[in-house]
Undergrad: 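This is the structure, below, for whatever I ask next.
Since we're looking at a predicted model, the values are computed, not measured. These values consider heavy atoms only, across backbone and side chains, with no hydrogens, waters or symmetry-generated copies. Atoms within each ligand, like the ligands themselves, are counted from 1 in listed order.
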Amino acid sequence: MALGDLEAEQLLCESMVNPVGIDIRVPRFSWQLKSVRRGVLQAAYRIMVADTEEKLWQGTGLIWDSGKVHSDESVFCAYEGEPLLSGKRYYWRVKVWDRTGAESEWSTASYWETGLLQREDWKALWIEPIQEPVVEDPVLSLREALQYNKPTDTSILHPCPLLRKSFFISSTVRKARLYATAHGTYMFQINGQKVGNQELAPEFTSYDRYLQYQTYEVTDLVKNGANAIGAILSDGWYAGRIGLSGNSCQYGDRLGLLFQLEVEYEDGTQEIVVSDHEVKCSTGHLIYSDQFIGEKVDARRIKDGWTLPDYDDSGWEPAQETHFDISNLVAHYGEPVRVAGKLPAVQVITTPKGETVVDFGQVIAGRVSMRVEGPEGTEIILEHSEVLDEHGNFLNNIMGRHKDQKDMYILRGGGPETFEPVFTFHGFRYVKVTGYPGTVRSEHFTAMVLSSDMRYTGFFECSDERINRLQQNIVWSQKTNLLSIPMDCPQRERAGWTGDIQVFAPTAAFNMDVLVFLTRWLRNLALEQLPNGEVPNVVPYHKSFRHIGHTLMGKDSSAGWGDAVIIVPWALYQAYGDVRVLEEFYDSMVRWISYVRQTAENELPDNYDQMDDVQKERQKYLWNTGFHFGDWLMPSASSPTESAMRTKEVVATSFYAYSTALLSETAAILGKHPDAEAYSDLSRRIRQAYAEEYLQDDGTLSAHFQGAYVLALQFGLVSEEARGQVADQLARLIEGNGYRLDTGFVSVPFLLDVLCKYGKRDIAYKLLYQTECPSWLYEVERGATTIWESWSAIKPDGTVSSMSFNHYAFGCVGDWLYREIAGLRKEQAGYKKINIRPAVDCGLSYASAKYESRYGTIVSGWSKQGGQLIVTAVIPPNTTGTVVLPNAKHVTVKESGTPLNEAAGVISYHQNEFDVSVQLGSGSYRFTYDYQPGSAETPSPAASRKK
Ligand code: RAM
């Protein structure tokens, strides 16, 4: 055994790499072990924290030394040192011991930096530029908003304010930090250079109670001598148009700014430059900018050098100091919105109507960067769409009041110019260009993808290119909808619909590291929860959605949507093993279930009085009144409303039972055993009432649609004995529907799982390979580059609808692809124990998944080569795994050429009826054996094209 090959690396503080400006008082540390040996398990660790790197290296004057802690925990180990100070960088390192006694060197140093932890740290004052208040649009009903067909009146929009301040720095700068936020969205420059690479700061949150300030490292921008700082403001989510109804002024009608630049000199003394009445304001080249309507720039009005120190601002007016409580300020948490990719234009099309359209080949959220040269005053208009119509003409597919998402640029003239909007974004693939001087060439256009720039953690591929495209479409919909909040779609609503992320969270957590992003959103959800425990359908819950919700459904929540308060933390706990996320939202979960319980008990069906006592008694366990979205967008329903009406009752009770059961498990994990028992008992009663009310003797449900069966099986709503029959009914429904989907939003995540679980894998595979509408591959074969809101967004006859072409919800099948096709599963939350179980019978010739867990890389891959099956498995250090080798019972299995019983890292193995199950320690393994297909194996899909 080689000692000295053990290392601790990939250090994370609060799940982030070297975060700057966080306000977590008790941060937690994670690291990964690395070793060339197999079977490595951590036995102990030691963490050191210091306020300089030198002290850390010397191990003296430490802020905290954990000492040697005997533990196998290598993720979420909490800081236990003295209280942290504001604006300070802390350095940390870790060393580990494994079970063989090997000891690593100290890791390299990582750091985190605190933001402004105390309210008194803020010396800055809120200021407002001289401005006309943003015009508040009349509130429309949902129908009026959706059918709105008047052109957008841009004359009511105001120019974006510019604010600047000169300041003097009298010595050499050692460190400079800018803390800033706004009412509206902002962008800063210091001495003519853009500050940071964030976009749309301070991003979208429930501003009244949760307004993020950002921290920027600006040491290199501030210089000894004269300096200037400047910011542009725009309406943003705060005052601009948002949501389906496109109403403005959801949080206020005046834009404001708060900033504090803290400069530390070489000698340790400090200078603070703050927002106050010395800031001067004006307007410039941004004639208006609204997130929905678009941005108009008149380049002739650019104020050259307006953030340089020698700029003459004598004509500018002083900004006004205002008073806002700063108790809603919180440090920015998580990856910011950034330009997370640039796509070149793939072609320029002249449509049958003669329009000039640039095609970027991919539906995204973002904006266009355009290069142009032409005469002064030339006006160019860019219009955005996700799809062309059936004839190939430009189609504005956005329903709602602000369907015209146009950007406009007026040339300055005299040389090459570049236009890229700053404060707006669109959901698009195609851009119609009008007024461009000269020929529109693809090389002059680049699509800038905007996204909360999270780390990719999951990769899936297989031998069918169509499924690979499906996987890419899922990832694109994820990337372009996780934009500050988990949005439903980036063009029409851009709203944090709770139901959408509830169904998609497990898939999201495979593809990207979403822990911090979704925790931040959950904090907003908890703040938006109503006093009666209701969790609103949309978070942040702005005024116009409140209005729509009340007028449409008479309340703020729906089953399957509000349940996000329980299901999303649960998904995060499962993926990352983070218990704090359960702890933090436990009270909100309890409040949601008590709201549902009270509603179920007190709101009784209209025919209650005609019921006998037994029926009456069970009504209190059924959530069978009021409006719910039900199994939203069930394909066989003629309209979304019909889908809701037909499915709502049974879906509501299903989610009541499921969420209560999850809450019971959550309580048990948190050591709240009486709660765990009480919720388990409640969930049992709900399930019993469900079965008595809806299940017939022959296994049919009175609510006879695919989704009802799926939920009944997945949530265990019928007795074990009945489940076989219920699964048969589901199978019959699917068969009768020509092996096409008829599941809506909330049941589709579990459809293929229940089929696999109840011995109907062949049907699951048929649904996966289905290419007729509705199905996943139908969209792919229709050229989809993202997941659509409706399976028939393009109908089989080619008609193009006005649905969204970028809604991730139905992409929730991604989770199943990873787990069932590639076979990469967890046996314990956070992947401390891994389970690999390849679906070699699915008709593909290979599939492979890689997942960057908190412990390190996990791989599960399999391929059929000749008569051989090759299964690859990578189990990261400090975890263990089980690999199930299908049909391996009667053949010789080798691991990297060695018989199983001699292979290093193999802890044990045993055989069941057909398979061999191998217990593994960490390491990379390659199993090979002669493979005899089982009798029920699915034949390869016809269109499987990959070599
Ligand atoms: C649609 C949204 C969203 C869904 C709701 C119920 O308007 O786009 O996807 O959650 O309705």
Undergrad: If you count the atoms of ligand 1 from 1 in the order shown, which ones are under 4.0 Å from a heavy atom of D500?
TA: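 Ligand 1 atoms under the 4.0 Å threshold to D500: 3 (C), 4 (C), 9 (O), 10 (O).
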Undergrad: Taking the cut-offs as 6.0 angstrom to the six-membered ring centre and 45 degrees off its axis, would you call R494 and F292 a cation-pi pair?
TA: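 Yes.
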Undergrad: Provide the number and element of each atom of ligand 1 under 4.0 Å from a heavy atom of H807.
TA: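 Those qualifying, in numeric order: 2 (C), 3 (C), 8 (O), 9 (O).
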Undergrad: Is it true that R401 and E144 make a salt bridge, defined as a side-chain N closer than 4.0 Å to a carboxylate O?
TA: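 No, this pair does not count.
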Undergrad: Does a salt bridge link E779 with R466, judged by any charged N lying under 4.0 Å from a carboxylate O?
TA: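 Answer for the salt bridge query: no.
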Undergrad: Considering heavy atoms of the protein only, find what lies nearest to atom 1 (C) of ligand 1 and give residue, atom and distance to 0.1 Å.
TA: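 Result: E493 OE2, 3.7 Å.
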Undergrad: What protein heavy atom lies closest to atom 8 (O) of ligand 1? Include the residue and the distance to one decimal.
TA: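 Among all protein heavy atoms, the one nearest atom 8 (O) of ligand 1 is D488 OD2, 2.7 Å.
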Undergrad: In the structure I gave you, are the side-chain heavy atoms of H542 and F204 within less than 4.5 Å of one another anywhere?
TA: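 Side-chain contact under 4.5 Å: yes.
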